[in-house]
Amino acid sequence: MGLKMLPNIKDKFMNYSFSLLLACLTIIAISKFNNFMDNYELIILIGSAITFTWMGNVWSNFRKLFLYTFLLSFISIYFYKGTLEGIELNFILKYFLSSQSAIMWMTALYPLSLVTYWVYLFSKQDFYGNLATKITWIATMMGFVGLLVRWYESYLIGIDVGHIPVSNLYEVFVLFCLITSLLYLHYEEKLEIKKMGAFVLIIITAAVAFILWYTFEKGANEIQPLVPALQSYWMKIHVPANFIGYGAFAMAAMISVAYLLKDKGIIGSYLPELNVLDEMTYKAISIGFIFFTIATILGAVWAAEAWGGYWSWDPKETWALIVWLNYAAWLHLRLIKGLRGTVLAWWSLGGLVITTFAFLGVNLFLSGLHSYGEL
Amino acid sequence: MRFAIAMFSFLAIASIIGTVLKQNEPYNNYIIKFGQFWFEIFEKLGMYNVYQAFWFLLILVFLIISTSLCISRNTPKILKDYKSFQDRVREKSLLSFKHSYQFPLKNFSVKKTISFLKSHNYKVKHKVIEGNGDLIVAKKGDLQKFGYIFTHLAIVIISIGGLLDGNLVFKVQELIGTKQIQMEDQPLSKIPLKGRMSEDNLSYRASILLSEGDTKTAAILRAKEGYLVQEIPFSITLKNFNIKHYSTGQPKSFESELLVTDKKTGETINKTISVNKPLTYKGVTIYQAAFEDGGSQLDLLVWDLNSSQPSFKMNSEIFKNNKLTFENQNLTLEFKDFRKFNILEVGQNEEKKPKPTNVGPNFLYKVRNESGQAKEYQTYQLPMLVDGKYFFMSGMRNSPQEEFKYLKIPADDNLSIEGFMVLKSLLNNPQKVQNAINKGINTSAFTTAGKKEAFKLGAKNIINAFVGGGYNSVVDEMDLNIPDQASIADKEKAIKTYINIIYLVSQELVRGYQVKNNDDIVFPINDAPRFIQDALTAYSDSFFYGVPLYLELKEFKEVQASGLQLTKSPGQFWVYLGSILLVLGIFCMIYIQEIRLWIFRKKGSNRLIVSLATNRDRMDFDQYAIEFKDKIKKIT
Ligand code: HEM
């Protein structure tokens with residue numbers, strides 16, 4: 001809602017160029033790699049191109065992110081020169097743009113932006129706020145570069161090994177960081193709630209800590225070929241959709257933390273108004289809910305193809321249902337009963353516990369048909 | 001509403017139980033876990049397959065009924081609301097709205113205002129109130145209300161779809177006694193009608209296990225501890241089962257080449273299915289679900305680890321038993337499984353991290369003695385690299401709950417087990433041992449004949465003890481030989497000496513063997529000491545191996561079996577339909593904002609009242625209301 005701002009001429013020009021660029025890239029990709037794609041993959045490619053074009057048009061910072069990410073990824077791929085040995089030989093790859101280095105940069109920058117956001121929160125100086133936002137953008141960009149290059153790397157290991165990097169717990173944790181921060185950056189811009197970075201970045205930093213532990217303790221960053229059950233185009237849609245859901249729920253929970261602090265008068269003078277926080281929690285949960293619903297349904301469609309039934313009461317499925325019921329209840333309470341305030345804030349915080357269990361706990365404690373992400 | 005929420009909470013809790021308590025395990029596992037008393041109570045409650053339990057399905061039914069009632073109660077209201085414009089408002093109530101504005105008119109025109117509203121996607125109604133003035137009522141976003149119908153209808157449709165695919169038909173038939181779960185293993189033809197579900201069973205998820213070359217005409221439905229036969233409208237032949245691997249060894253695909261023949265028309269279909277690529281035929285979808293051995297043939301060499309006997313040949317087949325008289329015992333060898341590929345995390349050496357590697361075929365068998373006790377063995381055909389050296393690995397355990405304990409037999413230079421077998425035969429040959437001891441003494445530093453004789457005797461005893469029971473037996477022997485007052489340090493020294501003697505004698509045996517068999521070098525030349533030490537350790541460990549019976553796999557002919565799942569799922573369509581409706585509904589509810597707007601001009605007045613309302617209080621509506629009223633102000 002709200003007034004639509006008329007895009008100025010420069011913006012319009014940028015939008016057209018961006019759309020044109022993506023159209024060209026898509027056409028090049030199709031004409032070059034058509035033989036390697038089946039119809040579903042073709043649809044996914046075109047669908048993604050349209051989605052990114054649209055997002056770039058309505059959100060100019062996303063457009064920038066997209067351009068820089070692709071530029072850096074292409075530079076990186078150029079330096080690889082088609083072999084994995086490239087990483088050791090090339091200085092830039094070794095320290096900046098190889099998949100692993102880029103992701104390590106991401107893991108360094110998110111905690112840095114967390115600190116900067118807190119400095120901003122207490123100093124109330126815009127300089128720090130803008131700096132924190134910039135760092136978050138760069139961290140996100142490096143993360144995306146890391147994943148894209150990882151995708152390329154997987155093909156260097158073996159043509160038949162290559163696959164999209166959303167196939168194990170390590171990769172989806174990186175994805176989780178990226179999606180959560182993108183969602184946050186979007187709301188930061190639209191709702192002018194820069195101070196929330198101090199909270200949202202907490203959960204992202206926690207995920208970063210997990211990634212680091214998982215990398216150094218378990219060597220999880222190694223690229224493994226896909227087990228047969230995961231070889232499906234559904235994975236490309238189901239997993240990212242799920243993580244938009246998880247990311248949004250996590251963000252909602254962190255804003256609820258801010259809400260509860262403000263409500264109790266702790267650092268209240270530094271935080272936005274209660275109704276702003278409440279509204280933002282609602283927005284995050286509703287966008288999370290819709291994506292999570294779609295993801296769960298897609299999961300069922302995939303399961304019907306891979307396991308022989310759309311619903312097998314596999315622990316992961318069942319916990320997805322529980323997460324879904326939890327947020328459906330939240331939305332009912334808010335929309336129908338008109339409930340606001342601390343109860344819902346606590347509820348959304350509790351939702352994070354359930355979500356985390358569905359996301360991680362199930363893999364840790366329960367066994368089932370889901371084949372990725374054993375610790 | 002309360003009832004529906006209670007049902008939902010129930011559903012959630014029951015679902016959680018189902019994820020925490022492992023479902024559909026053999027009942028014995030539950031008895032071990034809970035004890036007989038609780039086991040029976042939990043069984044009555046259907047805890048071992050919660051999602052098929054009677055009460056679980058009942059909750060679903062209640063959910064359907066209560067949600068349907070809710071829809072039928074609310075829908076007329078919503079439809080009425082959808083049609084109405086709420087044009088019977090009073091001026092006073094308009095003014096009491098949160099967003100109610102008044103401003104002076106400049107050039108107000110009803111027509112222009114209406115077209116302005118329409119251009120902003122409002123539906124508009126104009127009403128002239130006799131003697132009172134103009135009322136323009138506008139609204140948009142009333143699809144939001146339909147969101148309610150969509151989502152709740154979706155819940156009903158999905159639940160009905162789910163029930164359709166539950167095994168309700170069988171549940172009812174079991175209740176009235178026309179069907180009964182079968183407990184015993186019997187051939188298909190012997191199973192009574194009570195144990196068979198007919199071809200037109202509404203829905204099922206059944207399985208078939210097919211060896212390569214086999215044909216089956218019915219499937220198996222697992223039910224609690226037993227099973228039922230599910231008739232199918234076609235027969236399935238497995239022509240070939242194929243596992244493809246990545247270059248790293250991990251499995252890449254499981255593929256079954258099927259021949260499906262319609263029982264009625266004889267029509268046939270050839271199709272290769274794999275994971276994620278099923279075949280649907282006659283309303284039944286056939287999935288690649290599992291694989292196992294289908295009766296592979298193994299050519300084995302049987303070795304006695306503790307004698308100088310030569311080996312002999314034996315042929316066996318997985319799922320078959322072999323009888324064998326071994327060291328005066330009547331043993332039954334039960335062959336359980338064969339796997340051609342095994343991916344293990346094997347370390348190259350200490351520094352490098354373990355990497356998943358294909359370590360080649362292994363087979364699983366049990367050795368049962370006359371009294372019926374069995375030990376389980378798992379033997380790998382090829383030697384594995386452990387800490388930079390190659391070993392033949394064979395695991396033994398007393399029960400399936402235990403981990404395998406591995407016997408590590410060092411491979412010789414040809415990566416064969418031959419070298420070890422030669423050494424154990426030499427050790428078990430008293431004449432050769434005697435010669436080796438003699439030779440050793442002649443080259444030794446003993447000077448007096450007496451000392452030489454004493455050493456000869458001692459060494460012979462030690463070797464005998466070792467050959468008869470490994471290092472442990474040497475230690476036992478030693479306790480007899482060394483006077484009690486000897487200190488621990490002395491004992492340790494003695495043990496070291498004895499171990500050294502065993503080693504030196506073995507070395508002499510090996511040397512003697514190599515001299516005789518000039519061109520048949522079976523021992524590593526460079527690293528004989530290490531080989532001999534490892535071999536002696538393996539020999540000593542073989543006394544913990546249950547039976548000193550080692551099966552060496554020479555050749556095999558793999559026969560595989562493919563596990564197929566057959567699903568008939570008429571509810572799937574409804575579940576998908578419901579899902580689409582659900583997404584649509586949620587979208588309507590969350591992202592469409594219902595807005596109503598009134599513009600009222602009192603007759604003769606030069607003021608305009610503009611009021612906006614929404615059914616859900618939201619912050620961005622406040623902003624919208626303020627901005628939109630300004631726009632109206634501009635054009636009037
Ligand atoms: C998918 C997300 C869902 C959303 C967004 C949603 C939304 C709503 C809304 C807006 C209403 C109020 C309708 C009105 O009076 O205008 C409502 C009522 C209700 N919902 Fe849901 N609902 C959802 C799922 C469910 C589910 C899964 C159930 C379980 C049965 C359920 C049961 C009910 C009941 C019983 C009512 C009260 C109806 C009455 O007035 O008696 N809802 N829901």
Side-chain angles (χ1 to χ4, degrees), chain A residues 1-3 157-158 160-161 219 222 224-232 234 275-276 278-279 282-283 286-287 289-290 293-294 296-297 300-302 304-319 321-322 325-326 328-329 331-332 334-336 338 340 362 365-368, chain B residues 1 5 8-9 11-12 15-16 18-20 22-23 50-51 151 161-162 165 205 244 246-248 250-254 274-278 285-289 353 355-356 565-567 569 571-572 575-576 579-580 582-583 586-587 589-591 593 616-621 623-624 627 631:
Chain A
M1 301 262 156
L3 269 179
I157 289 176
D160 60 352
V161 172
E222 259 178 61
Q224 300 287 352
L226 287 182
V227 299
L230 291 182
Q231 292 163 15
S232 168
W234 286 115
N275 59 351
V276 175
D278 186 75
E279 182 79 7
Y282 167 72
K283 285 214 155 97
S286 42
I287 194 151
F289 190 68
I290 202 151
T293 308
I294 293 171
T296 309
I297 292 167
V301 176
W302 184 6
E305 216 172 275
W307 300 336
Y310 51 83
W311 198 263
S312 313
W313 293 103
D314 157 80
K316 198 100 182 167
E317 274 177 355
T318 311
W319 277 92
L321 177 67
I322 291 162
L325 287 176
N326 177 58
L331 286 168
H332 264 83
R334 191 183 151 110
L335 293 178
I336 296 139
R340 296 286 146 100
V362 172
F365 303 116
L366 309 172
S367 62
Chain B
M1 179 83 177
I5 288 176
F8 250 92
S9 312
L11 202 69
S15 309
I16 292 176
T19 65
V20 175
K22 255 197 173 175
Q23 302 283 295
V50 170
Y51 309 118
T151 43
D165 288 346
R205 277 172 89 168
K244 288 196 182 132
Y246 291 107
S247 50
T248 45
Q250 286 106 320
K252 180 170 159 188
S253 73
F254 307 111
S274 60
V275 182
N276 276 315
K277 294 196 178 80
T285 309
I286 307 169
Y287 298 88
Q288 179 66 54
K353 260 194 301 179
K355 256 181 145 175
Q565 186 181 306
L566 278 69
T567 304
S569 163
Q572 182 164 346
V575 170
Y576 288 1
S579 299
I580 294 171
L582 182 64
V583 173
I586 296 174
F587 202 82
M589 271 189 169
I590 294 179
Y591 287 103
Q593 168 104 322
R616 286 200 193 121
D617 189 22
R618 284 180 32 183
M619 266 174 57
D620 42 14
F621 174 71
Q623 198 187 355
Y624 175 82
E627 280 165 7
K631 281 192 200 169

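Residue numbering restarts at 1 for every chain, and letters A, B, ... go by the order of the sequence lines.
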Interface moiety of [X] toward chain A, non-hydrogen atoms closer than 4.5 Å:
X: B/A289; answer: neither
X: B/S579; answer: both
X: B/Q572; answer: both

Taking ring pair (Phe, Tyr, Trp, His ring centres under 6.0 Å) as the test, write out the residues that go with B/F587, two or more places apart. B/Y591
When you measure from the side chain of B/Q565 to the backbone N and O of A/G309, does any donor-acceptor pair fall under 3.5 Å? no
Treating A/E279 as the side-chain partner and A/N275 as the backbone partner, does any N or O pair qualify as donor plus acceptor under 3.5 Å? no
Side-chain touch [X]/[Y], heavy atoms, less than 4.5 angstrom:
X: B/Q288; Y: A/P228; result: no
X: B/I590; Y: A/L331; result: yes
X: A/W307; Y: A/D314; result: yes

So which of B/L11, B/I16, B/L566 has the biggest tally of heavy-atom pairs under 4.5 Å with chain A? B/I16
Options B/T567, B/I580, B/I286, ranked by heavy-atom pairs under 4.5 Å with chain A, top entry: B/T567
Contacting moiety of A/A300, where chain B heavy atoms sit under 4.5 Å: backbone
Option in A/N326, A/I157, A/L226, A/L321 with maximal non-hydrogen atom pairs under 4.5 Å from chain B: A/L226
Using a cut-off of under 4.5 Å on heavy-atom pairs, state which of A/W311, A/W234, A/Y282 scores highest against chain B. A/Y282
